[in-house]
2 protein chains.
Amino acid sequence: MIAVSNKIKNMEEFARVSGISRPTVSKYFNEPESVRPSTRARIEEALARYDYRPNVYAMNQNRRLTKNVGIIVPYLADPFFAEIARNIEDACIARGYTPMLHSSHGDPAMEVEILESLRSLKPAGVLLAPIGRRSDRKAVAAFAKHVPTMLFDSNLEGIGAGFVGSDNFQSVPMIVDYLCRTGEAPCFMEMPPVNPNANKRRMAYVGAMERLGKEPQVISLPGDGWNFEEVGFREGRRILGDGGFPSSNVLCSNDRLAIGLLAAAYEAGIKVGHGAGCSMRIAGHDDHPFARYTCPSLTTVSQDYDSISQRSVDSLFALVEGGGKATSRPEILFEGRLVMRDSA
Amino acid sequence: MIAVSNKIKNMEEFARVSGISRPTVSKYFNEPESVRPSTRARIEEALARYDYRPNVYAMNQNRRLTKNVGIIVPYLADPFFAEIARNIEDACIARGYTPMLHSSHGDPAMEVEILESLRSLKPAGVLLAPIGRRSDRKAVAAFAKHVPTMLFDSNLEGIGAGFVGSDNFQSVPMIVDYLCRTGEAPCFMEMPPVNPNANKRRMAYVGAMERLGKEPQVISLPGDGWNFEEVGFREGRRILGDGGFPSSNVLCSNDRLAIGLLAAAYEAGIKVGHGAGCSMRIAGHDDHPFARYTCPSLTTVSQDYDSISQRSVDSLFALVEGGGKATSRPEILFEGRLVMRDSA
DNA sequence: CTGATAAATTTACGCGCGTAAAATTTTGAT
DNA sequence: ATCAAAATTTTACGCGCGTAAATTTATCAG
């Protein structure tokens, strides 16, 4: 970019120096493909010589819809969501939209606040991973009625234009099968039921066990926060010191819980794994970014990050560019993949 | 909020229903304290009856500076940054500003892109944790000349209005002292030098060892990415299988590296800790959110998250509300605190 | 009650761009 | 070269609000 002393202050001026009329320039910025190639070339040449960017605020003031996309995750300090958010951001940028990332920090009130502040930004659409059970359903539903909203990770039945997530009824039975096949039938340590995935995974576990003719054994942990490691550690320690788990094989409803439990087992001097001398096996769910660096490395089910984020974005833009009116409400589920490591 | 059929569409209309003139209402929204209490009460009463929010875009168009604050971290999938970002967000909101969170994803080009897009948002200020060594210093410096910018976590000398971070020359000697006092003099496993902290910590280690009359032993790891766990694991495994570390006591330049090394040690069947039967000690730096759930739990130095984020925000707003012109460029360093756990 | 001062109102203009409608030019095929 | 269709230009208006200047009103001490 060649520095030029003449600062361009508005589109009028930029149109002048590029020899194109302002309305056409405006059209270019809203949709570069909508102007003749020769015109586009001239504009882009001028763009290279003078560095001009349209005023974001003036631009969006008279637009019914902006090119902004809201992304909301329940808990950004969880690397799982950080990773998904990154994927989604990239996909939005690739489509010429501006992602705006927000975290609810596990707080339903903040979730609503974010939605309200987002509403006044006139976003083209929103990708929302709801907090879940404690979400203000009415507020979210009201928002989604006005703004095209795709849910991901955690479903709120009937709300939004659709849902993209993992198929817990495929992934959980898969790892239950694996665990049963290779050892004692597992018990299930369940995360606090912050969202529907918690319940679905429990149900999937129970169903899978029954199909195998085994007795399901569910251990429900108290709490309503997102500090799963701590819950897993604290409750794991308590149970281990209190007679132990009903099975030597423990399936945790997510990896963060398993990370906590692994720490508790380690502290108790229990050797975890499927090798010789191991007295306990622990498995998780999600393939958390750190799951391969636990001790021992964590056997788990991977969620298909790429597909989930890609598909959420695709669905949203199909909706947005189709005028915002969806006929059905698709629920798209991706299958998990068994990730066999050392812990089970 | 009582629903009202009459939708308020602009400030004109809202001013009418609240019985206050539009300019005064405008003044209220920009600074509620700047209008008479009785007036404020009437406005807020109307605000409760009719739900109206000023149009963000029209609002910011004619403002030289907005109430937006940019927050940029190098790598959001690192819970350390996610936590700091959360603190900073909260502090901004508490002051009536709108935080806009961005992650460079370890990519210098994206760092610049974010800055450029931020520039057109006319933010009141920016809080930047730079990528570090690979940052485009010129671009960042140019940006910081136009927009009040506070650096945190990682310093770029001379750039921005100031820096807030940890005092590596206090924290590292502190843990070196502890390790020496309680066992063999540690060697130092160094993260890829992605930012100045890497170098400072090495220098601090060397200085501390020399003062204690010990021979410093630095192990530098290759790489320029942010996947520290992987580096720590891969290189740790290599070194352990290749004659081992020069000391049974390994100080890692950050926790994520230590997490990788712990995994490598576990895999190699090496018992880590300061207890009986342990043949190796591993310590980290930062007090990463997961450090207490490693196996064994990680002895480390905590960074003072709260103070760092609070002070960054305070400094930025002192600058912003002081007109944007700073005379000096303070470098504020907070002390670390020794967190003794089981790994060393 | 008076006067000084602070606050609110009235009036008026402009910001930078979206966008509609009509006139004009360019394009690409005949 | 001819002509219809597509793209561009001209012209013109409005969005919702910030903000300045002049005027009016409210406030409070004396």
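Residue numbering restarts at 1 for every chain, and letters A, B, ... go by the order of the sequence lines.
- In this structure, Tyr52(A) reaches the sugar-phosphate backbone alone: every heavy-atom distance under 4.0 Å involves primed, P, OP1 or OP2 atoms, never a base.
- Side-chain N/O atoms of Asn62(A) include none lying less than 4.0 angstrom from OP1 or OP2 on dG16(C).
- We find that Asp51(A) and Arg119(B) are joined by a salt bridge, their nearest charged nitrogen and carboxylate oxygen being less than 4.0 Å apart.
- Proximity of Thr39(B) to the phosphate of dA8(C): a side-chain N or O atom is located under 4.0 Å from OP1 or OP2.
- Between the CG atom in Leu76(B) and the CD atom in Glu89(A) there is a gap of 8.0 Å [rounded to 0.5 Å].
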Pair Glu44(B), Arg42(B) - check salt bridge (Lys or Arg N to Asp or Glu O under 4.0 Å), show working.
CA-CA 5 Å; Glu44(B) 274 157 7; Arg42(B) 288 172 66 191; over 6 Å; no

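- The listed nucleotides are dC17(D), dT19(D), dT9(C); the one nearest the side chain of Met59(B) is dC17(D).
- As judged by a 4.0 angstrom heavy-atom cut-off over every strand, Asn60(A) is placed among residues making no nucleic acid contact.
- Checked by distance alone, Arg22(A) brings no side-chain donor or acceptor within 3.5 Å of a matching partner on the base of dG16(C).
- For Gln61(B), taking side-chain heavy atoms from C-beta onward, the closest of the listed nucleotides dC15(C), dA8(C), dG18(D) is dC15(C).
- With distances taken from any side-chain atom of Asn55(B) to the nucleotides dT9(D), dG16(D), dT9(C), the minimum falls on dG16(D).
- Residue Thr66(B) is classed as having no contact, given no heavy-atom separation below 4.0 Å to the nucleic acid.
- Comparing dC15(C), dT9(D), dT26(C) by their closest approach to the side chain of Arg36(A) singles out dT26(C).
- Closest-nucleotide positions on DNA chain C for Arg53(A) and Gly19(B) were compared, and the one nearer the 5' end corresponds to Gly19(B).
- In the set dC17(C), dC17(D), dT9(C), dC17(C) carries the atom at the smallest distance from any side-chain atom of Ala58(A).
- When the side-chain nitrogen and oxygen atoms of Ser26(A) are compared with OP1 and OP2 of dG18(C), one or more of them lie within a distance under 4.0 Å.
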